[in-house]
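Since the structure comes first, as structure tokens, the remarks are kept for the end.
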Amino acid sequence: MTDVPDIATPVRTQAIMNQYGINTKKSLGQNFLTDINILKNIVAAGDVQPTDNVIEIGPGIGALTEQLARQAKQVVAFEIDERLIPVLDHTMSPYDNVKIVNQDILNVNLAEEIQANFDDPDAPLKLVANLPYYITTPILMQVLQSGIAFDDIVVMMQKEVADRLSAETGTKDYGALTLAVNYRMQAHLAFNVSRTAFVPNPNVDSAIVTLTPREPLKVQPKDEKKLFQLFKIGFAMRRKTLWNNLITAFGKDDTMKEKLTNALESADISPKIRAEKLTLEDFIRLHNALFDAGVYNV
Ligand code: SAM
């Protein structure tokens with residue numbers, strides 16, 4: 001299989017696109033990687049092994065998919081653009097361990113797709129992708145909220161979103177995404193990627209981030225789904241106090257205000273604070289106090 005030439009050169013990428021009459025769609029975030037060294041470094045950052053199942057989001061014409069196929073046990077790749085399906089059927093034909101699923105990643109149930117598409121759904125699972133940038137945050141939130149235990153996530157994204165993943169409490173980059181990531185994983189900025197590595201060049205800088213499972217948390221939330229909602233509620237209006245965001249989300253009537261006041265008191269959190277000052281542990285404590293105060297029972 002290794003004598004198959006790499007897709008990822010500017011000349012070959014253009015030739016494949018010409019052959020199939022494909023013009024890249026900006027609306028789908030189509031910036032194809034044409035630098036083989038970067039692709040190899042992405043696969044290496046995920047330490048992809050012959051025992052690993054790999055999910056890819058947005059295979060494009062298959063430049064990263066092919067590098068993954070050469071290292072992994074099996075690759076399942078979700079591509080929304082049906083024009084690319086015949087291209088991928090052709091470019092992936094040398095590999096018998098690749099499955100392309102023509103679906104919008106935001107509309108799939110990932111847990112069901114894993115069961116349906118991998119021959120051995122219990123093998124170690126990794127996510128490796130050059131993400132479509134217009135939906136980086138919703139994709140990451142979906143992946144993290146799914147609760148699926150990925151052994152490694154390696155994702156390319158715009159630099160400004162990458163900065164949010166490892167932001168410190170109290171900084172402008174710190175927000176719901178930072179908390180959602182930290183809840184499950186440890187983020188590490190692996191390397192930056194120049195705009196010139198893509199066809200066409202994107203108008204933002206890019207970075208590769210690795211996410212690895214974190215140490216177990218000291219306190220567990222009583223309802224994971226509601227905790228993720230609380231992350232979003234806390235930052236719904238960044239400049240407002242936590243209290244303002246809580247009453248906007250849960251209600252302004254006297255009974256609710258009393259429940260919220262009790263919960264904040266028992267979690268030892270000031271209502272005047274802004275969410276950006278709260279650590280992940282503070283958020284979990286607050287969530288558990290809201291749960292106990294019956295705030296969610298409406
Ligand atoms: N993996 C290729 C590479 O590295 O050259 C292409 C990456 S390109 C940045 C993003 C890809 O995601 C495109 O192929 C695009 O069609 C696909 N895409 C965009 N929105 C999607 C969605 N909602 N679900 C699945 N794929 C999507």
Side-chain angles (χ1 to χ4, degrees), residues 6-17 20-46 48 54-72 75-92 95 98-110 113 117 126-143 146 153-159 161-162 190-191 193-209:
D6 295 315
I7 294 167
T9 65
V11 172
R12 202 155 173 243
T13 300
Q14 200 54 59
I16 292 170
M17 286 178 16
Y20 286 88
I22 305 274
N23 294 316
T24 51
K25 280 193 186 167
K26 207 172 172 204
S27 62
L28 290 179
Q30 291 179 343
N31 301 97
F32 298 148
L33 267 169
T34 56
D35 184 324
I36 189 66
N37 289 323
I38 290 172
L39 288 158
K40 289 197 159 134
N41 288 340
I42 293 174
V43 179
V48 175
V54 177
I55 289 183
E56 187 191 358
I57 297 167
I61 61 169
L64 177 58
T65 325
E66 128 180 296
Q67 301 302 323
L68 291 168
R70 289 179 189 165
Q71 301 293 331
V75 182
V76 174
F78 296 88
E79 175 54 62
I80 195 173
D81 187 351
E82 60 184 16
R83 299 174 312 155
L84 296 173
I85 305 306
V87 184
L88 287 161
D89 282 347
H90 167 67
T91 57
M92 292 303 107
Y95 309 97
V98 176
K99 255 192 208 175
I100 306 294
V101 182
N102 183 202
Q103 290 274 1
D104 178 344
I105 189 66
L106 296 178
N107 285 341
V108 303
N109 178 320
L110 267 182
E113 295 292 334
N117 290 299
K126 296 184 176 172
L127 169 67
V128 184
N130 170 14
L131 294 175
Y133 291 179
Y134 73 107
I135 44 169
T136 303
T137 303
I139 291 175
L140 290 174
M141 289 304 260
Q142 178 198 16
V143 166
S146 74
I153 297 179
V154 182
V155 266
M156 166 123 73
M157 63 191 70
Q158 58 276 53
K159 180 80 172 64
V161 180
F191 55 96
V193 178
S194 149
R195 302 170 189 209
T196 58
F198 304 84
V199 169
N201 296 353
N203 46 17
V204 291
D205 291 318
S206 302
I208 302 287
V209 177

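Source: prediction; values computed, not measured. What you see below is based on every heavy atom in this structure, not just the backbone, and it leaves out hydrogens, waters and symmetry mates. Counting from 1, the numbers follow the sequence of the chain as shown. Order of appearance sets the numbers: ligands from 1, and atoms from 1 within every ligand.
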Rounded distance [0.5 Å steps], CG in Asp104 versus CD1 in Ile135: 6.0 Å
Shortest non-hydrogen contact between Asn102 and Ile80, atoms and distance: ND2-O, 3.3 Å
Residue pairs passing the salt bridge (Lys or Arg N to Asp or Glu O under 4.0 Å) test where at least one lies in residues 80-92, sequence neighbours excluded: Asp81-Arg83
Contact table ligand 1 N or O to protein N or O, d under 3.5 Å:
from: ligand 1; atom 1: 1 (N); to: Glu56; atom 2: OE2; distance (Å): 3.3
from: ligand 1; atom 1: 1 (N); to: Gly58; atom 2: O; distance (Å): 2.8
from: ligand 1; atom 1: 1 (N); to: Pro59; atom 2: O; distance (Å): 3.4
from: ligand 1; atom 1: 4 (O); to: Asn130; atom 2: ND2; distance (Å): 2.8
from: ligand 1; atom 1: 5 (O); to: Leu33; atom 2: N; distance (Å): 2.8
from: ligand 1; atom 1: 14 (O); to: Gly60; atom 2: N; distance (Å): 3.3
from: ligand 1; atom 1: 14 (O); to: Glu79; atom 2: OE1; distance (Å): 2.7
from: ligand 1; atom 1: 16 (O); to: Gln30; atom 2: NE2; distance (Å): 2.9
from: ligand 1; atom 1: 16 (O); to: Glu79; atom 2: OE2; distance (Å): 2.6
from: ligand 1; atom 1: 20 (N); to: Tyr134; atom 2: OH; distance (Å): 2.8
from: ligand 1; atom 1: 23 (N); to: Asp104; atom 2: OD1; distance (Å): 2.9
from: ligand 1; atom 1: 24 (N); to: Ile105; atom 2: N; distance (Å): 2.9
from: ligand 1; atom 1: 26 (N); to: Ile80; atom 2: N; distance (Å): 3.3

Side chain to side chain donor-acceptor pair (under 3.5 Å) partners for Thr91, two or more places apart: none
Those residues that, when tested against Arg195, pass side chain to side chain donor-acceptor pair (under 3.5 Å) (two or more places apart): Asp205
Option from Val154, Val128, Asn130 for which side-chain contact (heavy atoms from CB on, under 4.5 Å) with Ile208 holds: Val154
